[in-house]
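The block underneath contains the structure these notes are about, expressed in structure tokens.
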2 protein chains.
Amino acid sequence: MGAMTTPEARLLVVEDDPNIVELLSASLRYAGFDVAAAMSGADALTVAGEHKPDLVVLDVMLPDLDGFEVIRRLRAGGQRVPVVFLTARDNTDDKIRGLTLGGDDYVTKPFSLEELTARIRAVLRRTHSAEPAGRLAFGDLELDEETHEVFRGGSRISLSPTEFKLLRYLMINAGRVLSKRQILEHVWNYDFRGEDNIVESYMSYLRRKVDNTEPRMLHTIRGVGYVLRATDA
Amino acid sequence: MGAMTTPEARLLVVEDDPNIVELLSASLRYAGFDVAAAMSGADALTVAGEHKPDLVVLDVMLPDLDGFEVIRRLRAGGQRVPVVFLTARDNTDDKIRGLTLGGDDYVTKPFSLEELTARIRAVLRRTHSAEPAGRLAFGDLELDEETHEVFRGGSRISLSPTEFKLLRYLMINAGRVLSKRQILEHVWNYDFRGEDNIVESYMSYLRRKVDNTEPRMLHTIRGVGYVLRATDA
DNA sequence: GCACCCGCTGAGAAGAAGCTGAGAATTTCC
DNA sequence: GGAAATTCTCAGCTTCTTCTCAGCGGGTGC
């Protein structure tokens, strides 16, 4: 469920696993991006030529060229297109560290869609500066995407990483009813194989931390899902 | 039963159980959709080629291809046709996860026709954006399909899932007299084997919750059924 | 007017959905 | 390497929901 903001950016997804290409294309497109895909390094260079992406989502492990080579060639023409890399968790490659200094970023597999779209938006924000600021607010609840800080009524609340992602997802979709399945698919890693109950647990944590004062904002719609909204029923 | 609105969309129903195909074709057609049907994956691809559906209603369990394969091939041509999947309730299949990512949705069997058509309309609304908004109104009674909120005279009323579906059905068919049997067949799951009396019970609940002020809107037509309308007759 | 039928509703049993504390497993951090 | 934090599961509990039943009462037909 995309937070439709500006007329959004053009992305190029480069990834050899067809399932992940499918996953990313569908959800990023639905999030409002204009998405093109490529399944090899050579392919990526061709498609980039036509599609002129504003940002590239790039798996560092490709069958032909490696991701860094792809970037080198993409940028050979002088264009400094920003990148979000997809890497394996155990990849301690220094090259990534080096590249992220240039305003790029990386996400380790398996990732959650929430995490990836947040990174994409953050990189676009830094490079294009046409993106909305990375601070979400709803009532007296505030969430800063840059610093990972959350405030309720002005006082700072400390959240675990998952709690933070869940709250961000709820805030981006404030007013919309989200099913447990939907939340699971966006906030948890795509390889998570648990039950809906984990969402109930985390909603319980969140309520204790950020929703223990009136007016309550985290509401359960029995049989449907959860919604962040100001008014009570 | 049909809320005749726009000239409505073309659907392709793909399902191997002939009873369900029959049930769906008849009722979706009656709801105003232009419906084609297919009983296998291969069949689906052929029919889709001729019929060019705006949306596919697709059982994930098919005798030949599985539903995901059908979708992959349908979309191979670059067309991003939206889908409402039909799944078994206990389907813990990994592939089921990720279904709602591209704006698609799913309904678990056994479903109610009311539920399925609501999902179909919601998906069309999100993808085509030519559908009427998901908010029904009748007099000072309002029902929001997105947020599952119901208001009478401006104040929010909380309904259980079945109460909500029943009221939506009545509102979509406002002014039309609906028999108890008709209501049972549309609002309750298709495998429900109870008596008409359940409808009386739920009408009683609804009256208490949403029709306890003048002017009364939920009228009984003795020996025939119920109707939602403003004036007495 | 009387009897009958239909619909209304309260009570309650059975089940489903959701919440939370406890604890095991895992990861992170120092 | 150990402590702390975090993630995830599970089971008990509570609350809400569904559905049935039976008695009541009002309309309808004779």
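Just the heavy atoms: all of them, side chains too, but no hydrogens, waters or symmetry mates, feed the values below. Each chain gets a letter, A, B and so on, in the order the sequences are listed, and its residues count up from 1.
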Legend entry - Centroid separation B/H148 to B/F164 less than 6.0 Å: yes

Legend entry - Whole-Å gap separating P (D/dA11) and CD (A/E195): 12 Å

Inset, instruction - Side-chain contact test, heavy atoms from C-beta onward, threshold under 4.5 Å: evaluate it for B/L23 versus B/L113 and give yes or no. - result: yes

N/O-N/O pairs, protein side and nucleotides 4-7 of chain D side, under 3.5 Å:
unit_1 : atom_1 : unit_2 : atom_2 : d
D/dT7  : OP1    : A/T162 : N      : 3.0
D/dT7  : OP1    : A/T162 : OG1    : 2.5
D/dT7  : OP2    : A/S160 : OG     : 2.6
D/dT7  : OP2    : A/Y202 : OH     : 2.9
D/dT7  : O5'    : A/Y202 : OH     : 3.0

Grab the N/O contacts between the protein and nucleotides 22-24 of chain D below 3.5 Å, and write none if there aren't any.
none

Inset, instruction - Please report, rounded to the nearest Å, how far the C1' atom of C/dC6 is from the CG atom of B/D196. - result: 11 Å

Legend entry - Selection from C/dT20, D/dT17, C/dG10 that lies nearest to any side-chain heavy atom of B/S201: C/dG10

Inset, instruction - Would you mind reading off the distance between B/N212 atom CG and C/dT9 atom C1', rounded to a whole angstrom? - result: 15 Å

Inset, instruction - Can you sort out the partners of B/T147 under side-chain hydrogen bond (donor to acceptor under 3.5 Å, both in side chains), two or more places apart, ordered by chain and number? - result: B/E149

Legend entry - Rounded distance (Å) that lies between atom P of C/dC8 and atom CD1 of B/I221: 11 Å

Legend entry - Short side-chain N/O contact to D/dT18 OP1/OP2 from A/R222, under 4.0 Å: no

Inset, instruction - Under the salt bridge (Lys or Arg N to Asp or Glu O under 4.0 Å) rule, collect the residues that match up with A/D59, sequence neighbours excluded. - result: A/K109

Inset, instruction - Return the set of residues passing side-chain hydrogen bond (donor to acceptor under 3.5 Å, both in side chains) with A/R125 (not counting sequence neighbours), or none when no residue passes. - result: A/E146

Legend entry - Residues that B/D16 engages under side-chain hydrogen bond (donor to acceptor under 3.5 Å, both in side chains), provided they are two or more places apart: none

Inset, instruction - Calculate the interatomic distance between A/R207 atom CZ and C/dG21 atom C1'; express it in whole Å. - result: 16 Å

Legend entry - Sequence neighbours excluded - side chain to side chain donor-acceptor pair (under 3.5 Å) pairs with any residue from residues 202-211 of chain B: B/R152-B/D211, B/E163-B/K209, B/S204-B/R208, B/R207-B/T220

Inset, instruction - Starting at atom CD1 of A/I183, determine the distance to atom C1' of D/dC8, rounded to an integer number of angstrom. - result: 17 Å

Legend entry - B/M203 CE to D/dT18 C1', straight-line distance once rounded to whole Å: 17 Å

Inset, instruction - Verify the contact: side-chain N or O of A/K180 to OP1 or OP2 of C/dG18, cut-off strictly under 4.0 Å; return yes or no. - result: yes

Inset, instruction - Please identify each residue that fulfils salt bridge (Lys or Arg N to Asp or Glu O under 4.0 Å) with B/D144, with sequence neighbours left out. - result: B/R135

Legend entry - Donor-acceptor under 3.5 Å (A/T117 side chain, A/E114 main chain): yes

Inset, instruction - Round to the nearest Å and state the distance from A/Y226 atom OH to C/dA17 atom P. - result: 12 Å

Inset, instruction - Look at the side-chain N and O atoms of A/R208 and state whether any lies under 4.0 Å from the OP1 or OP2 oxygen of C/dC19. - result: no

Inset, instruction - Have a look at the helix from C/dG1-D/dC30 to C/dC30-D/dG1 and give the angle its two end axes make, five pairs each, rounded to 10 degrees. - result: 30°

Legend entry - With B/Y190 via ring pair (Phe, Tyr, Trp, His ring centres under 6.0 Å) - residues at least two apart: B/F111

Legend entry - From CA spacing to verdict: side chain to side chain contact (heavy atoms under 4.5 Å, CB included), A/Y226, A/M203: CA-CA 9 Å; A/Y226 297 95; A/M203 285 300 298; 3.6 Å; yes

I'd like a table of atom pairs between the protein and nucleotides 28-30 of chain C - only N or O on both sides, under 3.5 Å - with the distance next to each one.
none

Legend entry - A/E142 with A/R156: basic N within carboxylate O range, under 4.0 Å: no

Distance-only donor-acceptor hits, side chain of residues 191-198 of chain B, under 3.5 Å, sequence neighbours excluded:
unit_1 : atom_1 : unit_2 : atom_2 : d
B/D196 : OD1    : B/R181 : NH2    : 3.0
B/N197 : ND2    : B/E200 : OE1    : 3.1

Legend entry - Side-chain N,O (A/S204) to OP1/OP2 (C/dT20) below 4.0 Å: yes

Legend entry - Salt bridge flag under 4.0 Å for residues B/K180 and B/E185: no

